[in-house]
Student: 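Have a look at this one.
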Amino acid sequence: MPPFRPMKLCRSITRSSTARPRSLKEAVEQAIPLRRHELKELKAYSNMQIDSITVGSIIGGMRNNKSMLWQGTTLDPFNGIKFQGKTIQECQQLLPCSPDKQSKKTEFMPESMLWLLMTGEIPKKEEAFGLMHELSQRGKTLPPFVEHIIDSLPRTMHPMTQLAVALASLNSSSTFCKNYQDGVIGKEDYWHYIFEDALNLIALLPQLVGKIYSNVTNEGMPLGYFNPDRDWSYNIASLLGMTYRDSVNKRNLTKEQCDDFTDLVRLYCGIHVDHEGGNVSAHATHLVGSALSDPYLSYSAGVMGLAGPLHGLAAQEVVRFLVDMAARIDSPDNESQVSEYLWALLNSGKVVPGYGHAVLRKPDPRFDAMLRFVEARPQEFQGDRYVQLMRNLSKYAPKVLTEHGKTKNPFPNVDSASGVLFYHYGIHDLLFVTVIFACSRAIGPLTQLVWDRILGLPIERPKSVDMATLRRLVNQNLRNAK
């Protein structure tokens with residue numbers, strides 16, 4: 001069999017020469033022939049083994065098994081996350097920012113990242129701005145029945161449960177579901193309707209989050225307003241009541257602080273969009289979607305996975321950890337006291353929240369990005385005891401964890417910084433940090449869901465084994481080794 005050589009197409013055909021900027025859907029359509037051809041060529045090697053399954057991988061959460069096709073992001077233990085081959089810093093340099101950016105500190109829009117993940121291309125500014133306006137038009141009105149459902153839920157219900165319920169209820173407005181049930185679409189056209197549902201879902205997230213947050217924290221009274229002329233992250237911030245205009249500015253922040261909070265939302269959502277396909281929220285979305293469930297049902301499953309303490313709830317645990325430690329030490333700069341606190345925690349059988357990662361074996365590049373956000377604003381954060389403790393822990397904790405010897409990765413992950421920054425600006429309802437995470441994480445898995453349908457990927461159905469079968473296979477291998 002000849003070696004695999006992917007088809008090479010002239011990149012110029014993917015850029016329209018017309019004056020009108022391409023829409024995201026037009027850009028996706030231009031990318032389809034190449035991707036479908038690549039998959040067709042790879043199918044010729046379907047029987048080639050590229051990984052092995054061990055007993056440890058079966059009983060250890062399938063850790064590191066290479067068994068999923070996931071195009072948007074790749075995660076290397078030592079190089080960290082890459083988005084269509086680009087690092088976070090490259091994305092910060094290349095991806096378009098909001099058209100109303102106020103300073104060089106302004107972060108790229110998650111809309112730009114959506115374009116990159118969906119097409120593999122850096123969007124032109126006009127394309128990114130066009131997508132920004134398209135999403136704002138799609139998301140400016142929350143269906144009344146969804147508002148009614150959210151209002152009927154107990155305000156004490158976990159906000160992630162409320163979000164999952166609201167997302168699942170939107171299934172009734174799914175264009176894919178309706179057309180599939182009516183039998184009017186063929187397999188080649190599934191993706192068109194999945195695409196429409198995916199963009200509608202992403203567009204509605206600011207309204208959903210704002211509605212749930214106002215119910216939980218403000219007796220259901222709106223905290224802000226949806227501005228159809230502003231970007232997705234701005235509207236999330238506004239509906240949380242955290243912008244200088246268009247909201248009640250519930251924490252009485254200065255204009256600069258409000259702008260910085262909006263940029264924090266842009267940064268957080270921009271770098272949390274995806275983290276390969278094997279994490280719980282991404283995999284759950286992909287798995288449910290493989291059964292041809294629409295994006296609303298699929299991502300509601302992903303949200304329920306994200307609500308788990310070992311996944312999306314980790315950031316709030318870090319904030320509690322920092323608050324407790326700060327109350328027990330004299331100063332964030334006292335390395336001896338911090339180390340003593342960490343040793344007491346480890347000796348009690350607990351872990352250090354925000355440290356270690358299932359895949360990474362170096363500091364999380366997402367943590368580094370959050371830390372750069374802090375360092376770009378020294379006057380804002382110099383008096384925050386919790387933020388200073390977070391910074392110093394990134395130097396102190398790896399020493400303790402390395403000496404302890406039971407942690408494969410003693411370095412900070414993104415959770416060690418993200419929650420405490422939202423806490424700094426006034427998001428003190430810690431359960432809600434995960435809801436903001438859910439806004440971001442929708443972008444990556446839903447992008448893959450569109451491509452799953454473009455490529456015609458089948459329903460996911462791995463083979464399970466019971467312990468008796470596993471013992472038999474182990475004994476068989478032992479006999480063969482003699």
Student: Before you tell me yes or no, could you show the steps for Q388 and N392 under side-chain hydrogen bond (donor to acceptor under 3.5 Å, both in side chains), namely the whole-Å CA-CA distance, both residues' side-chain angles and the distance that decides it to 0.1 Å?
Tutor: CA-CA 6 Å; Q388 295 308 313; N392 291 343; 5.6 Å; no
Student: Can any side-chain N or O of S293 pair as donor or acceptor with the backbone N or O of G289 at less than 3.5 Å?
Tutor: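 No; zero donor-acceptor contacts below 3.5 Å.
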Student: Salt-bridged, R320 to D324, with N to O below 4.0 Å?
Tutor: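 The answer is no: the pair does not qualify as a salt bridge.
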Student: Counting only N and O atoms by type, is there a donor-acceptor contact under 3.5 Å from the side chain of D197 to the main-chain atoms of S174?
Tutor: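 No, because the side chain of D197 does not come within donor-acceptor range (under 3.5 Å) of the backbone of S174.
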Student: Go through it in stages, so that I can follow the logic: the residues are E335 and K395, the test is salt bridge (Lys or Arg N to Asp or Glu O under 4.0 Å), and I'd like the CA-CA distance, side-chain angles, deciding distance and then a yes or no.
Tutor: CA-CA 9 Å; E335 183 174 2; K395 295 179 288 186; over 6 Å; no
Student: Go through the steps to decide whether D368 and R372 satisfy the test salt bridge (Lys or Arg N to Asp or Glu O under 4.0 Å), and finish with yes or no.
Tutor: CA-CA 6 Å; D368 293 338; R372 288 193 297 271; 5.3 Å; no
Student: Report the C-alpha distance between K25 and E134 in whole Å, list the side-chain angles of each, state the deciding distance to 0.1 Å, and finish with yes or no for salt bridge (Lys or Arg N to Asp or Glu O under 4.0 Å).
Tutor: CA-CA 11 Å; K25 190 169 187 180; E134 180 181 354; over 6 Å; no
Student: Give a yes or no answer on whether the side chain of S112 reaches the backbone of A128 with a donor-acceptor pair at less than 3.5 Å.
Tutor: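 It does not hold such a pair.
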Student: Show, in sequence, the C-alpha distance, side-chain angles and deciding distance for F367 and F411, and conclude whether the ring-ring contact (aromatic ring centres under 6.0 Å, His included) test is met.
Tutor: CA-CA 10 Å; F367 169 81; F411 302 110; over 10 Å; no
Student: Is Y296 reaching over with its side chain to a backbone N or O of S173, donor-acceptor style, under 3.5 angstrom?
Tutor: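 Between the backbone of S173 and the side chain of Y296 there is no qualifying donor-acceptor contact (under 3.5 Å).
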Student: Is the ring pair H428/Y423 parallel, tilted or perpendicular, if the boundaries are 30 and 60 degrees?
Tutor: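 Plane angle between 30° and 60°, so tilted.
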Student: Would you please test N279 and R441 for side-chain hydrogen bond (donor to acceptor under 3.5 Å, both in side chains) and show each step?
Tutor: CA-CA 11 Å; N279 65 78; R441 183 49 58 89; 3.1 Å; yes
Student: Going by an N to O cut-off under 4.0 Å, is there a salt bridge joining E90 and K82?
Tutor: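 Looking at K82 together with E90, the answer is no, because their closest N to O distance does not fall below 4.0 Å.
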Student: Looking only at the side chains, is there a donor atom on one of R138 and N200 sitting less than 3.5 Å from an acceptor on the other?
Tutor: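 Judged by distance alone, the side chains do pair up.
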Student: With a cut-off of under 6.0 Å to the ring centre and 45° to the axis, is K124 in cation-pi contact with W115?
Tutor: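 Not flagged: K124 not positioned over aromatic ring of W115.
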Student: For the residue pair Y268 and S233, establish whether any side-chain heavy-atom pair is separated by less than 4.5 Å.
Tutor: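 Counting from C-beta outward, Y268 and S233 never come under 4.5 Å.
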Student: Can you say whether the rings of F321 and Y341 are parallel (under 30°), tilted (30 to 60°) or perpendicular (over 60°)?
Tutor: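 Rings of F321 and Y341: tilted, 30 to 60°.
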Student: Would you sort out whether R22 and E121 count as a side-chain contact (heavy atoms from CB on, under 4.5 Å), showing the intermediate values?
Tutor: CA-CA 12 Å; R22 296 175 301 170; E121 299 177 355; 2.8 Å; yes
Student: Between W70 and H286, what is the ring plane arrangement, given parallel below 30°, perpendicular above 60°, and tilted in between?
Tutor: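 Taking H286 first and then W70, their aromatic rings stand perpendicular (interplane angle over 60°).
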Student: Is the backbone of Y225 close enough, under 3.5 Å, to the side chain of S238 for a donor and an acceptor to pair up by distance?
Tutor: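 Checked: pair present.
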Student: Is atom CE of M157 surrounded by more than 12 heavy atoms (other residues, nucleotides or ligands) closer than 6.0 Å?
Tutor: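 Yes - once you tally the heavy atoms of other residues, nucleotides and ligands closer than 6.0 Å, there are more than 12.
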Student: Under 3.5 Å, is there a donor-acceptor pair linking the side chains of E107 and Q92?
Tutor: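 On atom types as modelled, these side chains qualify, holding a pair under 3.5 Å.
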Student: Test N65 against D51 for side-chain hydrogen bond (donor to acceptor under 3.5 Å, both in side chains), laying out the working first.
Tutor: CA-CA 7 Å; N65 287 356; D51 203 0; over 6 Å; no
Student: For the backbone of T73 and the side chain of E276, can you confirm whether one donor and one acceptor N or O come within less than 3.5 Å of each other?
Tutor: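 No; zero donor-acceptor contacts below 3.5 Å.
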Student: Starting at NE2 of H424, measure out to CG of D384 and round the result to the nearest 0.5 Å.
Tutor: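 If we round to the nearest 0.5 Å, H424:NE2 and D384:CG are 5.5 Å apart.
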Student: I'd like to know if the side chain of R391 and the backbone of V387 have a donor-acceptor N/O pair within less than 3.5 Å.
Tutor: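 The answer is no, because no donor-acceptor pair under 3.5 Å joins these two groups.
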Student: Do D274 and T447 touch side chain to side chain, with heavy atoms closer than 4.5 Å?
Tutor: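 They are not in contact (no side-chain heavy atoms under 4.5 Å apart), so the answer is no.
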